[in-house]
Amino acid sequence: MKALKILKIIIAAILALILTSIPYVIGILLSYFFNIDNNVITIISIIMHLLFLVLIFANGGIQTHNTKKMNKIKPSEAFQELVSIKELNTKTEEIQEKLIKNYKKEYYTAIISHIFIFSTMLMFGLNYHVLTRLSEEFDYNAVYITVISVSVMVIFSIAFSYIFRALLKLFNIQSIKNNHDLYPNLSKLIIEEFKKEGINKDIIINITNDCNAGIYEIKNKIGINISYIILKFLNTEEIKSIIYHEIAHYKNKDTSKSAEMYKYINRLDYLSPSNFSVLTPNLGKIAIESEMLKEATNVLFEHKADDLVLEKGLAPAYSDASFKIFGLDLSCQNVSYLDYYIYFTKELKFDEELLNIKLNLIKSYYYKHLDFFTYASKNYLSPIIITHPTIKQRLEKFDTGKVIDKELILNTEFDEDINNYVKELNNDLQKDHIALNNLKDQNQYYATKYLIEKKKLIENNYDEDVNELSAIAQDSLDFADLEFSKEIFSKILEKDSNNLIAKFYLGLLLFKNDLDSSCLSYLIDVEKDNSEIGAQAHGLLLEYYTYMGMKDEKEELKKHTFKKMDDTYNLNLRFNYGEKLLPYTNQEVIQKIIEIAKESDEILHIVVGTKKKKDIENHILVFYIKLTDNNQNLWEKTLNKIRAYVNTISSNFRLYPFYIQIVPNRYKKKEFHIYDAKKDNQ
């Protein structure tokens, strides 16, 4: 695998060198075989150089202008614009045409840019014999020769780098083919349903790991994605109703419009690989605009697809399927996956046993919270941004007068397909040696560290200080050991009743893992804090009120939503190495950070300062770390302790590790000092 990757890189480099040289060589040949006056070549060349520079600077200027303009837009303004676009649902086709037109326009801009690159390289070739002649009078034409020579090297390097990246992308393209042999039972069902509607197209079928279904068009083929969780827990009639909802998207031409847009998006991806966005100055702006418009208008497509399902008399099965998917999706998102992760990292493979562990975890969560799903399905409010009909809207629309069937069945009809999907996943994993090595490292941590620390903590009745408990709590969240996480955060609050981080995570877990109303007291308390975690609590409260139909509480909270969004944006302004900070003066906190940092020999040096925008402050901690192959877990554990400590002071601390592979002399002797970042920006 690694050898093949290296071979592809070598071939791409050779091809890039050849392709980059072609216009240059053509220019040289033309200059020798045609008797073109040197002055004519020089004049044309100067014009081409100037046009090329104008093009690049113009594109760069447009891109910079767009970036600055977007950066000035407050998140609240963008959000309100997105909400207002919902009123344009009736003009969805016009919006689609506008998006396609924008991408097409940018595509042709990229083509023109590439023609200029080719032409400029060609002119450099034509300049070859001009430079040869002028070199005889080097003293007189030194400046001109130097400018042209440097330009040749710069443009050649740019062209080579661009073509090289584009070729690497081309090497990674996989052929699009149907996989009916891999998924025979599912293929048979889907093809039959499409034929009933008179659709005889090549169909690509994909089984996925989420809890959803979708349809798309690519190269005159239809692609269907469907989750193995749906295939396993819904009966065949319910699955058919979901497939027909996707067929309705195709018949409504939602997929063909998207396919046309993505045709230009994919072309642009090859014409402008990373670091060449200057050639497509409006692409970033168009991409953001298109995402906003798709989000805002998607609900209309969903309603129209539901209408066709209703017309076909599939309402009973579709309403049952909608309820089950609503509950299963929440189950997939919020279940504790510790058993799944432990098995996976020990066995280092995907297999039937691993699949059954996940399915059983999801099923248990579903039945444990079935009453919550039932209540929410009758009371669900419309979210601020709605991209799909809510479960309440769907059940009301498809009301058949019958009781919703909420029972999950173990559907065995597609077991062969699901097992083949798992085998394919495992085959891909076994070929990926880097992923396997990472899993081995995780296995060591699961088996020998985390579980041992967990057992020891329980045996000692959680008798550790807040920093130690917070560090282990973070590990428990990372490993989705959510029941244990709740226990630790509860113990932290017993020791430190004002710990906002513990309150937030306890509220989060009581909501997501337990769907328990006791989450409210914690989240309401945290939401009052003017911090990033306060804004996150705000979002969780809105979500809970939406599920539970608590209209008055939701409307009251919404009054603060836009301010919370802007505050979060200001809080998330990233620190850039070298920028000036205000000094952080709390010496007690600084000394405690140093004391904890001494536990790790790899932490060499610390910089502290405060970044402020308006009334929002971020306290920045930069750690210079001696990087070796085997020390990551050691210094990460120390940083987790420091993070746990500073979170008891404020939730607005940001920690940035900075790796040093070659250790400067001043760091070789163990020392800790914290620079006043205003005076020293190292």
Side-chain angles (χ1 to χ4, degrees), residues 1-2 5 207-211 227-229 232 328 331-366 418-459 468-489 505 508-509 512-513 600 602 625 627-641 643-644 657 659:
M1 187 77 178
K2 190 173 181 180
K5 188 175 180 180
I207 293 179
T208 60
N209 193 36
D210 52 13
C211 189
S227 161
Y228 70 80
I229 296 166
K232 197 65 186 174
L328 285 169
S331 302
C332 289
Q333 293 177 44
N334 303 324
V335 70
S336 177
Y337 283 112
L338 180 66
D339 293 343
Y340 176 88
Y341 290 148
I342 288 175
Y343 181 89
F344 183 45
T345 52
K346 281 185 177 179
E347 300 299 325
L348 300 178
K349 65 179 180 181
F350 291 99
D351 60 12
E352 190 176 345
E353 179 64 25
L354 182 69
L355 185 73
N356 288 333
I357 289 172
K358 183 171 183 177
L359 291 172
N360 287 331
L361 288 170
I362 292 168
K363 183 180 179 182
S364 297
Y365 186 98
Y366 177 91
I418 294 171
N419 288 335
N420 287 341
Y421 162 71
V422 173
K423 287 176 184 175
E424 284 292 301
L425 282 181
N426 193 54
N427 289 338
D428 291 340
L429 174 64
Q430 301 309 317
K431 293 174 185 175
D432 191 341
H433 300 298
I434 295 174
L436 280 173
N437 288 331
N438 288 338
L439 283 172
K440 287 175 184 176
D441 293 339
Q442 289 182 41
N443 176 31
Q444 183 184 11
Y445 196 86
Y446 277 117
T448 64
K449 292 186 178 179
Y450 172 66
L451 295 179
I452 292 172
E453 287 179 1
K454 174 184 175 180
K455 182 180 178 182
K456 182 180 176 182
L457 190 64
I458 294 171
E459 289 174 349
E468 290 286 350
L469 289 175
S470 297
I472 297 173
Q474 187 59 54
D475 285 342
S476 70
L477 289 172
D478 292 341
F479 301 151
D481 191 1
L482 305 184
E483 289 297 326
F484 185 53
S485 298
K486 281 189 297 180
E487 190 68 27
I488 300 177
F489 285 119
Y505 280 113
L508 170 69
L509 292 165
K512 293 294 189 177
N513 190 237
S600 172
E602 289 75 30
I625 295 164
L627 187 62
T628 64
D629 292 335
N630 303 313
N631 72 341
Q632 185 164 345
N633 286 334
L634 299 175
W635 63 257
E636 278 192 346
K637 187 173 180 180
T638 304
L639 255 60
N640 281 340
K641 286 185 179 180
R643 184 179 287 108
Y659 312 117

Distance in Å, [X] [atom1] paired with [Y] [atom2], rounded so as to fall on 0.5 Å steps:
| X | Y | atom1 | atom2 | value |
| --- | --- | --- | --- | --- |
| I472 | E468 | CD1 | CD | 6.0 Å |
| S331 | L359 | OG | CG | 12.0 Å |
| L477 | L508 | CG | CG | 8.0 Å |
| L338 | L451 | CG | CG | 6.5 Å |
| R643 | L639 | CZ | CG | 6.0 Å |
| D481 | K454 | CG | NZ | 3.5 Å |

Looking only at heavy atoms, what is the nearest atom pair of [X] and [Y], with distance?
| X | Y | answer |
| --- | --- | --- |
| S485 | A473 | OG-O, 4.3 Å |
| N513 | L482 | ND2-CD1, 3.6 Å |
| N209 | I229 | O-CD1, 4.3 Å |
| L354 | K349 | CD2-O, 3.7 Å |

Quiz item: Checking S336 side chain against A480 main chain: does a donor-acceptor pair fall under 3.5 Å?
Solution: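 Looks like yes, one N/O pair under 3.5 Å.
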Self-check item: Any donor-acceptor N/O pair, Q430 side chain to L436 backbone, under 3.5 Å
Solution: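 Answer holds: no.
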Taking the side chain as C-beta and beyond, is there a heavy-atom pair between [X] and [Y] under 4.5 Å?
| X | Y | answer |
| --- | --- | --- |
| D475 | F484 | no |
| E487 | L457 | no |
| Y228 | K358 | yes |

Exercise. Dump the intermediate steps for side-chain contact (heavy atoms from CB on, under 4.5 Å) on E352 and V422, then the final yes or no.
Key: CA-CA 7 Å; E352 190 176 345; V422 173; over 6 Å; no
Is a side-chain donor-acceptor pair under 3.5 Å present for [Y] with [X]?
| X | Y | value |
| --- | --- | --- |
| Y343 | D351 | yes |
| N420 | E424 | no |
| D478 | Y450 | no |

Practice problem: Take atom CD of Q333 as the centre, draw a 6.0 Å sphere, and report whether it contains more than 12 heavy atoms from other residues, nucleotides or ligands. | Solution: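 Enclosed.
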Quiz item: Parallel, tilted or perpendicular: which fits the ring planes of Y341 and Y337, with parallel below 30° and perpendicular above 60°?
Solution: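 Y341 vs Y337 ring planes: tilted.
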Exercise. Show your working on side-chain contact (heavy atoms from CB on, under 4.5 Å) between F479 and T345 and close with a plain yes or no.
Key: CA-CA 11 Å; F479 301 151; T345 52; over 6 Å; no
Quiz item: Are E483 and K486 within salt-bridge range, i.e. N to O under 4.0 Å?
Solution: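 Between K486 and E483 there is a salt bridge, with a charged N closer than 4.0 Å to a carboxylate O.
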Self-check item: side-chain contact (heavy atoms from CB on, under 4.5 Å) against L425, all qualifying residues, sequence neighbours excluded
Solution: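 Checked L425 against side-chain contact (heavy atoms from CB on, under 4.5 Å); matches are F350, Y421.
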